**Q** 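The structure under discussion is supplied below as structure tokens; questions concerning it will follow.
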Amino acid sequence: MGAALRRIQLGSALSAFGLGFTVPYLYVYVAQVRDLGAGTAGVVLAVFAMAALAVLPFTGRAIDRRGPLPVLVVASAVASLGAVALGLSSGVTASVLSAAVLGAGTAVMQPALATMLVRCSSTATRTRAFAMQFFLQNLGLGVGGLVGGQIVDTNRPETFTLLFLIEAAMFVVLGVIASTVRLPRTPSFSDARPSDGSKAPGGLRALLSHRAMVQLCVLGFVLFFACYGQFESGLAAYGTEAAGIQPSTLGIALAANTAVIVVAQFVVLRLVERRRRSRVIAAVGLIWAFAWIVAGYAGLGHGSQTMATAAMISTYALFGLGESMLSPTVAPLVADLAPESMVGQYNSAFALCKQLALAVGPAVGGPMGATLHGPYIVTFVLFSLGITALALRLGRRLTPVQDQPSLETVPSRVVAVSLPDAEAGSASASTSTAAAAR
């Protein structure tokens, strides 16, 4: 990786490290530590997600017109302000407003970072760049959550305030690192930032007319709805209610998920980077369908408690294997589909679909996982098989290089060929003869 790409990856990892300090404990902080109740905690979490839905529709155009770097710096400053305010909030209104500011800032950071990765990579290297980002972000989240768990004490609110201050500091570090990055300027990218005040070409209508991108957004919604949208809601409720596992086991299962991602990411990368992206995503659907079947055994198989616990942990681990296959395929594909002047808008549109899935997923999966155990498993087995079908259908709309970047011709770096004297003389004579013939 070049120097600019290394700095972007470092800043992304540190921001994830900061998020790991607070995300697992946000509900406990609001409901128990600040004693605002479960209802207020639910509102805070909902506002955190809804703030992203409010700002993402405008983020893409800002990135394409102003560039990803200034947008990222502003977003990191806003997120830092929201983290400090939430750590000091003790009332309902202050907590809700702080969560909205924090949610808006963190939501804008993701498409801005993705666009910077696109600017610093080529079609051939983009797969590894996004795989590295996913690896570092998961590592940062895991380490941050682990360290934060050693600091927090529900009887001492100041320990939670410390977590939010550390998170705010990490966002500031991200902004400082981003401000030192010098993005490469490509001739075609200048079209995305018109200097005469006119609007950049494209917009929502152009994006919606791009059938492959629309299909990818639908596929992305189903992916996040069937996986990430269930981790801390439906699947957790199903595990505790149907499978009867202890709540502490959910922490072990999430740790297993992160461990599989960290261990398998680069092994998986070597297996998938020379294969068609659509086929890899289709394989993820099959893996996740099997994961839901394993979860079904945990809750409906009437086995021992030990077997049920092992099955639930295995379910989260299988999801991690699928996630490690998605990181080098889906995000780079969004970038490769985007026109040069609309990279930010394409990244923001996909992030919006992801956020919608994360908002709808818990609302649908939570009640089903807690009460309708059999239908819950069947529903998400079908959703996973739907991922396979949608991925194969998307593959028919992609060009060969979009579906398999390894097919792209890499320019030769050979600048001269040294010939022995006899061969050089022969080649020179041949050249003279050819010139005389012309």
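Residues take their numbers from the sequence shown, with the count starting at 1. Heavy-atom basis, side chains included; hydrogens, waters and symmetry copies ignored. Just so you know, these numbers come straight off a predicted model, no measurement behind them.
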**Q** Write down the atom of A107, the atom of V55, and the distance for their closest heavy-atom approach.
**A** CB-CG2, 4.2 Å

**Q** State, yes or no, whether a side-chain contact exists between V43 and V30 at a heavy-atom distance under 4.5 Å.
**A** no

**Q** Can you list every salt bridge (Lys or Arg N to Asp or Glu O under 4.0 Å) pair that touches residues 124-139, not counting sequence neighbours?
**A** R126-D336, R128-E273

**Q** side-chain contact (heavy atoms from CB on, under 4.5 Å) between K354 and F221: does it pass, once the steps are laid out?
**A** CA-CA 6 Å; K354 171 185 175 180; F221 178 88; over 6 Å; no

**Q** Tell me every residue that passes salt bridge (Lys or Arg N to Asp or Glu O under 4.0 Å) with D403, counting only those two or more places apart in sequence or in another chain.
**A** R276

**Q** Write down the atom of A16, the atom of L141, and the distance for their closest heavy-atom approach.
**A** O-CD2, 3.4 Å

**Q** Measure the shortest side-chain to side-chain distance between F135 and I261 over non-hydrogen atoms and say whether it is less than 4.5 angstrom.
**A** no

**Q** Taking C-beta and beyond as the side chain, do F130 and P328 meet within less than 4.5 Å on heavy atoms?
**A** no

**Q** Just to verify, what does F350 make a ring pair (Phe, Tyr, Trp, His ring centres under 6.0 Å) with, not counting sequence neighbours?
**A** none

**Q** Do the non-hydrogen side-chain atoms of R277 and T127 ever get within less than 4.5 Å of each other?
**A** yes

**Q** Restricting to non-hydrogen atoms, name the atom on L86 and the atom on A99 that form the minimum distance, rounded to 0.1 Å.
**A** CD1-N, 4.3 Å

**Q** I'd like to know whether the aromatic ring centres of Y238 and W292 sit less than 6.0 Å apart in this structure.
**A** no

**Q** Quick one, L356 with F224, criterion side-chain contact (heavy atoms from CB on, under 4.5 Å). Give me CA distance, side-chain angles, the key distance, then yes/no.
**A** CA-CA 9 Å; L356 282 171; F224 289 102; over 6 Å; no

**Q** Around atom CZ of F58, are there more than 12 heavy atoms from other residues, nucleotides or ligands closer than 6.0 Å?
**A** no

**Q** Classify the ring geometry of F17 against F21: parallel below 30°, tilted from 30° to 60°, perpendicular beyond 60°.
**A** perpendicular

**Q** Are E323 and N257 close enough, and set up right, to give a side chain to side chain donor-acceptor pair (under 3.5 Å), and what steps lead you there?
**A** CA-CA 9 Å; E323 291 173 69; N257 173 268; 2.8 Å; yes

**Q** Given the rule in the side-chain contact (heavy atoms from CB on, under 4.5 Å) test, do S95 and L36 qualify, once you have shown the distances and angles that lead to the verdict?
**A** CA-CA 10 Å; S95 297; L36 299 179; 3.7 Å; yes

**Q** So which heavy atom on R34 is nearest to which on P157, and how close?
**A** NH1-CB, 4.1 Å

**Q** Compare all side-chain heavy atoms of I8 with those of L113 and state whether any distance is below 4.5 angstrom.
**A** yes

**Q** Would the distance check show the side chain of R275 and the main-chain N or O of L271 forming a donor-acceptor pair, the cut-off being under 3.5 Å?
**A** yes

**Q** Please examine the side chains of L394 and L398, heavy atoms only from C-beta on, and report whether any two atoms are closer than 4.5 Å.
**A** yes

**Q** Answer whether the closest heavy-atom distance between the side chains of M325 and I281 falls below 4.5 Å.
**A** no

**Q** Is the F383 to F380 ring centre distance short of 6.0 Å?
**A** yes

**Q** Under the criterion side-chain contact (heavy atoms from CB on, under 4.5 Å), I'd like the reasoning laid out for V334 against N347: C-alpha separation, chi angles, the key distance, then a yes or no.
**A** CA-CA 7 Å; V334 174; N347 281 320; 3.7 Å; yes

**Q** Check the side chains of T22 and E167 for a donor-acceptor pair under 3.5 angstrom, ignoring hydrogens and angles.
**A** yes

**Q** Might you point out which heavy atoms bring F160 and D153 nearest each other, and give the distance in Å?
**A** CE1-O, 3.5 Å

**Q** What's the shortest heavy-atom distance between A168 and V84, and which atoms?
**A** CB-CG2, 3.5 Å

